[in-house]
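Encoded as structure tokens, the structure appears first; notes follow it.
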Amino acid sequence: MFQLLQGHIQPAGHRSRKNRLVTKDGHCNIGFGNIEYSNHFAYVVDLWTTFVEIRWRFVLLLFVASFTGSWFIFSLLWYWIAKSNGDLTGQNNTDGHVQCIDNVNSLTTAFLYSLETQTTIGYGGRALTGHCLGTVALIIVQSLIGVFINCFMCGVILAKISLPKKRAKTVTFSNTAVICLKKGSLCLLIRVANLRKTLLIGSQIYGKLLRTTTTPDGETIILDQVDIDFLVDAGKDNLFFVCPLTLYHVINRSSPFYELSAETLPQQDFELVVFLDGTAESTSSSCQVRTSYIPQEIQWGYTFLPIISRSKTGKYHVDFSNFSKSVRVTTPHCVHCFETDADKRNPNGHNQQKMGIDNLGFQAIDIHDSMDITKM
């Protein structure tokens, strides 16, 4: 039985407000509670990952605080040395007094000298005299610590800028999924596009169906994961991701969508998470792009509009205005209806046994009794 559906264009689906584990832009909506206090020290042990993953506002705050804090701490040490040597303004300096640091006679000038030393500005107004041995050791320590802070902060900022998830921002999925006939089978279709001209090498596409299930023992499993295989016309792995691709999942007896129909689909409670893994061609860094679809974002009886065309000059053109748009098509009401209709069209398909294949080149000949037979 087929539903005769009127053909009209369906605009891109809106984002549902229903709670989901993975948002449309790939973020995981999950929180962790009742974590033991001792486990928080694991973030301190893995300090580099913690700094790379924190938000930009905290990175900038750390950047400013690390430099200004180190300048101020060392300015206190320079001020203490100057005060111990009697170099400050107001102290009774005797004739022939030699300062440890020229022109450092207050906390302000000590801070300026600390800043000039660590940033290697060197205006020339303040400098060590070599009279105090402690100043030589302190300037070595401050220079080494300043180099360490520079390297660490530059590394954190560079790592955050080059995070692979930033590359994932230029890979997009269609807002909705559709279910229609494809290659003689009922399939679930999704579109994905790479917005950059640089390719994703070794791309792999797969999906996970998240739902709450109950085992025969009565145990309730929340977020039970079922593998969903997606295919494209070019294959499954190592895709040539130069233009938008249409992924499809064949709904057969092994598919978790086998029992669904056009009426029961909106009442279901599941989440389909789609993943795309690949390696960026320009940076050689691995990245993963993900999105999710809930039943309200799956359109039964629709197919995507074509978006790839070829100009008269032979150049291919991709029209992204139709990327998430779909149009109604004639689609079976359910998988059972499609299989029943197929059996009616071929009633002997399951009962007919194949006895052999006629060989047109075969020639029958008579064997005469007078032929010699070799006895063993």
Side-chain angles (χ1 to χ4, degrees), residues 35 37-167 169 280 282-287:
I35 301 177
Y37 182 77
S38 59
N39 292 334
H40 290 287
F41 288 100
Y43 294 97
V44 179
V45 175
D46 192 12
L47 191 62
W48 175 256
T49 304
T50 302
F51 280 121
V52 171
E53 291 183 349
I54 60 177
R55 297 179 179 272
W56 271 108
R57 62 175 70 99
F58 299 113
V59 173
L60 297 178
L61 178 62
L62 177 65
F63 181 86
V64 174
S66 60
F67 281 103
T68 57
S70 63
W71 297 337
F72 181 74
I73 291 175
F74 279 101
S75 69
L76 295 178
L77 296 177
W78 292 119
Y79 178 80
W80 174 74
I81 291 177
K83 183 178 180 180
S84 301
N85 194 50
D87 299 339
L88 300 182
T89 302
Q91 291 181 325
N92 296 324
N93 298 328
T94 60
D95 295 337
H97 175 76
V98 179
Q99 294 183 339
C100 291
I101 311 167
D102 289 335
N103 298 325
V104 174
N105 49 27
S106 64
L107 182 60
T108 303
T109 55
F111 180 81
L112 291 176
Y113 177 73
S114 176
L115 187 152
E116 295 171 11
T117 299
Q118 190 166 325
T119 57
T120 65
I121 294 176
Y123 288 122
R126 279 169 284 271
L128 297 181
T129 60
H131 176 71
C132 305
L133 295 179
T135 58
V136 178
L138 185 59
I139 196 172
I140 293 175
V141 172
Q142 183 174 6
S143 299
L144 294 176
I145 293 178
V147 171
F148 176 79
I149 295 176
N150 287 336
C151 295
F152 183 81
M153 293 308 305
C154 290
V156 169
I157 294 176
L158 180 61
K160 286 191 67 67
I161 293 176
S162 60
L163 279 177
K165 64 181 181 180
K166 302 300 181 183
R167 177 63 176 89
K169 298 294 183 181
S282 56
T283 61
S284 299
S285 58
S286 301
C287 64

Taken to the nearest 0.5 Å, the spacing of S143 OG from F148 CZ works out to 15.5 Å

Smallest heavy-atom separation, R126 atom then V104 atom, equals CD-CG2, 3.8 Å

Separation between CG (L144) and CD1 (I139), nearest 0.5 Å, reads 11.0 Å

The reported gap from CE in M153 to CD1 in I157 (rounded to nearest 0.5 angstrom) is 5.0 Å

Contacts satisfying ring-ring contact (aromatic ring centres under 6.0 Å, His included) that involve residues 119-147 (not counting sequence neighbours) are none

| message | I want to check something: taking the side chain as every heavy atom from C-beta on, are L128 and Y113 in contact at a cut-off of under 4.5 Å? | response | yes

Counting only N and O atoms by type, is there a donor-acceptor contact under 3.5 Å from the side chain of N150 to the main-chain atoms of T119?
-> no

Minimal heavy-atom distance between Q118 and S70, with the atoms involved, is NE2-OG, 2.9 Å

Closest non-hydrogen atoms of T135 and I81, given as atom of the first, atom of the second and distance, are CG2-CG2, 3.7 Å

Note: T117 and Q142 closest approach over all heavy atoms is CG2-OE1, 4.2 Å

Which of L60, T68, L62 passes side-chain contact (heavy atoms from CB on, under 4.5 Å) with V64? It is T68

Sorted by chain and residue number, the disulfide (SG to SG under 2.5 Å) partners of C100 (sequence neighbours excluded) come out as C132

*For atom NZ of K160, is the number of surrounding heavy atoms from other residues, nucleotides or ligands below 6.0 Å larger than 12?*
yes

- Are there more than 12 heavy atoms of other residues, nucleotides or ligands under 6.0 Å from atom CG of L133? no

One should read off an interatomic distance between W80 CH2 and N85 CG, to the nearest 0.5 angstrom, of 11.0 Å

Hits for ring pair (Phe, Tyr, Trp, His ring centres under 6.0 Å) against F152, two or more places apart or cross-chain, chain-then-number order -> W48, F51

**Asked** Is a donor on one side and an acceptor on the other found under 3.5 Å between the side chain of S114 and the backbone of F74?
**Response** no

ask   = Given side chains that start at C-beta, do those of W78 and L112 come closer than 4.5 Å, heavy atoms only?
value = no

Closest heavy-atom pair, A110 versus S75, reported as atoms and distance to 0.1 Å, is CB-O, 3.5 Å

Between Y79 and the options L107, T109, D87, the side-chain contact (heavy atoms from CB on, under 4.5 Å) test singles out L107

